[in-house]
Amino acid sequence: MSNLYDQPTIQVSLTPYTLGNIQLGGASERSRFDKLVANIPLWNQIFVISSVIAVSLDPLFFYIPFIDEDNKCLGMDKKLRVVALVLRSLLDITFIVHIICQIRQAFKTVNSKLQTTRNSGWESKAKAVAQNLSWRSVVTDVLALLPIPQVLLVNVFFKMRGSGYLDNRKILSFLLLAQYLPRIYRIHLSSKKLTQTGLWAKGAFNFFLYILASHVLGAYWYFFSIQRETSCWHRACEDPKHRIESCMDNFYCDDDPTTTPRNTLFRKEFCPINFPPNATPPFDFGMFLDSLQSGNTATLDFPMKFFYSFWWGLRNLSNFGTNLTTSTYVWENFFAILISIIGLLLFLYLIGNVQTFMQLATTKSEETRQKIIKKEQAIEEWMVKNDLPEDMKNEIKNNIRQQWEENIDAADLENLFSILPWNTRKSLKRFLCMSTLRKVPMLKGMDEKVLKMICDYLKPVMYAENSVVVRMGEPLDLMLFITEGSIWTYMPGGMPTNSVKTKGEFYGEELLKWASSSSPKLPISTQNVQCHTKVEGFVLMSKDLTSVVSKCQLWWNTNDSHQGQGRGQPATAAGGAENSTPRIRYIMHPPH
């Protein structure tokens, strides 16, 4: 019987659910978890977005209570209660994960610092972890995670009874307001890590803050409107003039009416929300009267009461609460002051962002203008220095301005030839180089068509100061025509072998002799060529010169003994050269 271990191994592909290279101990899963949540910008963005959504969904709890105006009792929207609890629980998971990630990252930092763990006890490790932990961030996450609205609005609010109801309600309202502080501060801490934010992102964030504040203030207004009417019920019950037995124990619609009969007529009489215009109501509802009279607090239609409350918050936040008519109730006036302050702060924040945007736009515009002026001056000086005709100057300027409209960095003196149209490039090269070509002894008797074709094949180059153009002993692959700057040649000993070559001169005439011969090998440079200053010019590469000789053999005449040896059939001078001319651009050569 053959050994089982000798059987061939069958590899099963799990695509598309490939497990990858799973290591013992779940190392692969841990590495994926690290990539997802361990201090990476992606997790910061996810956490900021989840925090913003959590702050936006918390006001849903304020819409859970409603008032049954027919029976004058306080009810609960049970469907909305379930939705709010589920959404809040799901979003709280991100806070829990963030806390775990911070603690885990602190452990990893400590383990990487402690090279020898045998001499380090758990107490020293715990202290090190505590020192590396951002307690401000952790405490903020813990406070934001506290289930304040779940406990207070879903449970406590519908169970408060007795004479201490009003005082307990004030504490509840304060806690509900305070629960927003750590959540908003959490967004501030997380958004600081998102450093790559542009002006549009800041503007969108400012707009979102305005909408969020309107949404939250509208929800509080709805909730405080309900509290204000229930306060009227309690005050009426506590009034000695009309004290009724069990008056304060049957405010909730879920109470059994057989054991705790409701005093509906009593509450409608002493807490009316509809009364004649000139009449003085028994109870002043202040700025909450509109919510009660409109039926906003009495409906179970969530979209209706949500958008009505949101519109109220947006409207009063926009005018800083100046149109609010309040009663003398202290906490109502405090709420109105809070609306005015929040509206003013958001307005100042918006003005600050607009001012910053205008300053940046002005600065950028001025920088662009100065950059254009400098480039125009440099190009103008270059055209004057090379004595270009006016029509060519205007054509170059028009092409450059068109490029600047698309991109200010697209055109400057260093890449001038690359942005010009083909016909302008051809005319400019012929104007700059034709006179220099005629100075070359081997090209003096050359036909005009050949010289024009050579011009079409020339490539603009720019050499930095002290850069080496050709080294002694290396193949001579180019012929250089200087339009600006100077070069000098020397032997290995450092002694100059020639005078300095400047504007209007050339180097590499040996390449013309090679092109006229049948030798397949390039000539070897007998000296070093180095730039004395920054050099601008044009080069004729050996392969391009070969193409010129091949296409213009009928006109190729260098007064050389090899002029009769051709490399191909004659071709029209104006034919293939222009079409085969490569894209022209400056070639920057750094110093060696």
Side-chain angles (χ1 to χ4, degrees), residues 50-68 73-96 140-161 165 168-187 208 211-231 251-254 288 291-292 296-314 317 331 335 338-339 342:
S50 63
S51 300
V52 169
I53 296 176
V55 174
S56 304
L57 293 179
D58 276 349
L60 293 180
F61 288 96
F62 297 128
Y63 293 103
I64 293 177
F66 70 95
I67 292 179
D68 185 352
C73 60
L74 185 63
M76 176 192 296
D77 189 343
K78 296 181 179 179
K79 291 183 179 179
L80 183 59
R81 177 187 64 181
V82 173
V83 173
L85 287 174
V86 171
L87 293 177
R88 172 63 187 256
S89 300
L90 292 175
L91 291 171
D92 283 347
I93 296 176
T94 58
F95 287 89
I96 298 174
T140 303
D141 288 341
V142 172
L143 292 177
L145 193 60
L146 293 178
I148 294 178
Q150 296 98 307
V151 174
L152 295 183
L153 288 177
V154 177
N155 296 316
V156 178
F157 181 73
F158 291 94
K159 295 181 180 179
M160 292 191 300
R161 302 175 185 272
Y165 171 80
N168 295 332
R169 195 201 64 190
K170 293 177 182 178
I171 298 175
L172 182 143
S173 300
F174 173 77
L175 292 176
L176 291 176
L177 285 172
Q179 63 112 12
Y180 264 93
L181 297 178
R183 286 184 168 263
I184 295 176
Y185 187 64
R186 175 69 266 174
I187 297 176
F208 170 76
I211 297 300
L212 178 62
S214 302
H215 166 48
V216 174
L217 292 176
Y220 273 110
W221 175 68
Y222 173 88
F223 183 69
F224 290 157
S225 299
I226 292 178
Q227 287 195 358
R228 198 64 179 139
E229 183 167 0
T230 56
S231 297
F251 288 159
Y252 304 103
C253 298
D254 291 337
F288 305 112
S291 181
L292 298 173
N296 186 45
T297 58
T299 180
L300 289 175
D301 187 355
F302 175 75
M304 188 189 79
K305 60 183 179 183
F306 169 78
F307 284 105
Y308 188 82
S309 302
F310 173 73
W311 163 238
W312 182 93
L314 183 63
L317 196 63
W331 292 105
F335 183 58
L338 184 63
I339 292 174
I342 293 176

Chemist: Distance from Leu300 atom CG to Leu80 atom CG, nearest 0.5 Å?
Modeler: 9.5 Å

Chemist: Please identify each residue that fulfils side-chain contact (heavy atoms from CB on, under 4.5 Å) with Ser89, with sequence neighbours left out.
Modeler: none

Chemist: What is the distance from atom CZ of Phe61 to atom CD1 of Ile148, rounded to the nearest 0.5 Å?
Modeler: 11.5 Å

Chemist: To the nearest 0.5 Å, how far apart are OG1 in Thr297 and CZ in Phe223?
Modeler: 12.5 Å

Chemist: Could you tell me whether the side chain of Leu143 reaches within less than 4.5 Å of the side chain of Leu146, counting heavy atoms only?
Modeler: yes

Chemist: Kindly write out the residues that satisfy side-chain hydrogen bond (donor to acceptor under 3.5 Å, both in side chains) with Tyr308, not counting sequence neighbours, or none if the list is empty.
Modeler: Asp290

Chemist: May I ask you to test the Asp92-Gln150 pair for a side-chain heavy-atom distance under 4.5 Å?
Modeler: yes

Chemist: Kindly write out the residues that satisfy side-chain contact (heavy atoms from CB on, under 4.5 Å) with Val151, not counting sequence neighbours, or none if the list is empty.
Modeler: Pro147, Val156

Chemist: Using the test ring-ring contact (aromatic ring centres under 6.0 Å, His included), find all partners of Phe335 that sit at least two apart in sequence or belong to another chain.
Modeler: Phe224

Chemist: Might you point out which heavy atoms bring Ser225 and Leu292 nearest each other, and give the distance in Å?
Modeler: O-CD2, 3.8 Å

Chemist: Checking Tyr63 now: which residues fulfil side-chain hydrogen bond (donor to acceptor under 3.5 Å, both in side chains) with it, not counting sequence neighbours?
Modeler: none

Chemist: Side chain to side chain contact (heavy atoms under 4.5 Å, CB included) for Val52 and Phe208? Distances and angles first, verdict last.
Modeler: CA-CA 10 Å; Val52 169; Phe208 170 76; 2.8 Å; yes

Chemist: Locate the shortest heavy-atom distance separating Phe310 from Ser214; write the atom from each residue and the value.
Modeler: CE1-CB, 3.8 Å

Chemist: With rounding to the nearest 0.5 Å, note down the distance linking CD1 in Ile211 to CG in Leu314.
Modeler: 5.5 Å

Chemist: Applying side chain to side chain contact (heavy atoms under 4.5 Å, CB included) to Leu60 and Phe302, what does each step give before you reach the verdict?
Modeler: CA-CA 10 Å; Leu60 293 180; Phe302 175 75; 3.4 Å; yes

Chemist: Side-chain contact test, heavy atoms from C-beta onward, threshold under 4.5 Å: evaluate it for Leu172 versus Gln227 and give yes or no.
Modeler: yes

Chemist: For Arg81, which residues count as a salt bridge (Lys or Arg N to Asp or Glu O under 4.0 Å) partner, sequence neighbours excluded?
Modeler: none

Chemist: Holding to side-chain hydrogen bond (donor to acceptor under 3.5 Å, both in side chains), I want the full list of residues that pass it with Asp68, two or more places apart in sequence or in another chain.
Modeler: Asn71

Chemist: Going by the rule side-chain hydrogen bond (donor to acceptor under 3.5 Å, both in side chains), which residues pair with Ser309 if we only count those two or more places apart in sequence or in a different chain?
Modeler: Asn296

Chemist: Using a 4.5 Å cut-off on heavy atoms from C-beta on, say whether the side chain of Thr94 contacts that of Ser51.
Modeler: no

Chemist: Quick one: list whatever passes side-chain contact (heavy atoms from CB on, under 4.5 Å) with Ile96, sequence neighbours left out.
Modeler: Ile100, Leu145

Chemist: Looking at every non-hydrogen atom in both residues, tell me the closest pair between Pro59 and Ser56 and how far apart they are.
Modeler: CD-O, 3.4 Å

Chemist: Apply side-chain contact (heavy atoms from CB on, under 4.5 Å) to Ala54 and list each qualifying residue two or more places apart in sequence or on a separate chain.
Modeler: Leu91, Phe95, Arg183

Chemist: When you compare the side chain of Phe288 with that of Ile226, does any pair of heavy atoms fall below 4.5 Å?
Modeler: no

Chemist: With a 4.5 Å cut-off on side-chain heavy atoms, are Thr299 and Phe66 touching?
Modeler: no

Chemist: Working to the nearest 0.5 Å, report the span between CZ of Phe306 and CG of Asp301.
Modeler: 12.5 Å

Chemist: Would you compute the distance between atom SG of Cys253 and atom CG of Leu74 and round it to the nearest 0.5 angstrom?
Modeler: 6.5 Å

